[in-house]
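Remarks on the structure that follows.
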Number of protein chains: 2
Amino acid sequence: MNEQLRAISELDRVIHEPGRLMIFVLLGAVEECDFLYLLHETEMNKGNLSSHLSRLEEAGYVEIEKTYRGKVPQTILRLTRAGRTAFDRYRKGLKAAF
Amino acid sequence: MNEQLRAISELDRVIHEPGRLMIFVLLGAVEECDFLYLLHETEMNKGNLSSHLSRLEEAGYVEIEKTYRGKVPQTILRLTRAGRTAFDRYRKGLKAAF
DNA sequence: CATACTAGTTTGCAGCACAAACTAGTTTGT
DNA sequence: ACAAACTAGTTTGTGCTGCAAACTAGTATG
């Protein structure tokens, strides 16, 4: 197996999913943001977005902080250190592959 | 939704799967090759490779030609025109996204 | 005070990737 | 000649996972 194929086969599957890739791109560009921002930017539905975020939390890539804006519940999202590192590796993998 | 996210969300899911990406890279580099070449290069198992190839045939991206090398059955694989086009679009999409 | 809205989460299902088991035929060993 | 092992794949079964619909809990509105 050559370098290029190796790079492809080692791509992190948790990140590789397009829905989650979008989340990484958005969270990678800011310190933090809220659920609704991601919802609007990605044009996913809530259920979908919610489960992708849970998956990313589970993987240790995203921190989910539940708070309130006034009386309204608000969910703040943030990439963890591990999340940023993993995303960097993913992008390097892509570059090596294409 | 911005350009970058749009590019991600429009990535062709049939191609996006790493196992199939490897097949595209290999078939993209040659006119045709056989099953065993793909098997060794990708380091997949046969079942896996076989079903990915069926998926790609179904999508119209790969042609599967069954022949013999002497008395031994041999399967020749080849990207279709549609397959090459789709792979080009996929790579452009990736570039637009990263 | 009930109806509608907000901000999500949970549930149910369909599709998919994966490996183990199977198939069909060929070669090798005795 | 006949069985055992090998070759070149395909089919089957299972568990995961992406997705949307349905649900929950609370808030604002008519």
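Hydrogens, waters and symmetry mates play no part in the numbers below; they use all other heavy atoms, side chains included. Numbers restart at 1 for each chain; the letters A, B, ... are given by sequence-line order, proteins then strands.
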State which of [options] makes the closest approach to the side chain of [X].
X: A:S51; options: D:dC19, D:dG18, D:dG9; result: D:dC19
X: B:S50; options: D:dT17, D:dA8, D:dT10; result: D:dT10
X: B:F35; options: C:dC16, D:dG9, C:dG8; result: D:dG9

When both distances are under 3.5 Å in a Watson-Crick or G-U wobble arrangement, the nucleotide paired with D:dA4 is C:dT27
Audit row: B:K46, B:F35, side-chain contact (heavy atoms from CB on, under 4.5 Å) steps and yes/no: CA-CA 9 Å; B:K46 293 174 181 183; B:F35 186 92; 4.2 Å; yes
Is it true that the NZ or CZ of A:R20 lies under 6.0 Å from the centre of A:F24's six-membered ring and within 45 degrees of the ring axis? no
Would you indicate, yes or no, if [N] has its OP1 or OP2 atom less than 4.0 angstrom from a side-chain nitrogen or oxygen of [X]?
X: A:R20; N: D:dG18; answer: yes
X: A:K71; N: D:dA25; answer: no
X: A:N48; N: D:dG18; answer: no
X: B:R13; N: D:dT17; answer: no

Atom-to-atom span, [atom1] of [X] to [atom2] of [N] - whole angstrom:
X: A:L38; N: C:dT9; atom1: CG; atom2: P; answer: 12 Å
X: A:Y37; N: C:dA7; atom1: OH; atom2: P; answer: 17 Å
X: B:Q74; N: C:dA24; atom1: CD; atom2: P; answer: 21 Å
X: B:H52; N: C:dA17; atom1: NE2; atom2: C1'; answer: 6 Å
X: B:K46; N: C:dA24; atom1: NZ; atom2: C1'; answer: 12 Å
X: A:H16; N: D:dT17; atom1: NE2; atom2: C1'; answer: 14 Å
X: B:L49; N: D:dT11; atom1: CG; atom2: P; answer: 14 Å
X: A:L39; N: C:dT6; atom1: CG; atom2: P; answer: 12 Å

Between A:V72 and A:G47, which has a closest nucleotide on DNA chain D that is more 5'? A:G47
Of A:Y68 and B:D34, whose closest DNA chain D nucleotide lies nearer the 5' terminus? B:D34
Take atom CZ in A:R89; do more than 12 heavy atoms of anything else shown fall under 6.0 Å from it? no
Heavy-atom neighbours of A:R78 CZ exceed 12 at 6.0 Å: yes
Check step by step if salt bridge (charged side-chain N to carboxylate O under 4.0 Å, His left out) holds for B:E10 and B:K92. CA-CA 11 Å; B:E10 284 173 1; B:K92 279 178 191 152; over 6 Å; no
Return whichever of B:N45 or B:E58 has its heavy-atom-nearest nucleotide of DNA chain C closer to the 5' end. B:E58
At 4.0 Å (heavy atoms only), tell me whether A:L36 reaches a base, stays on the sugar-phosphate, or touches nothing. sugar-phosphate
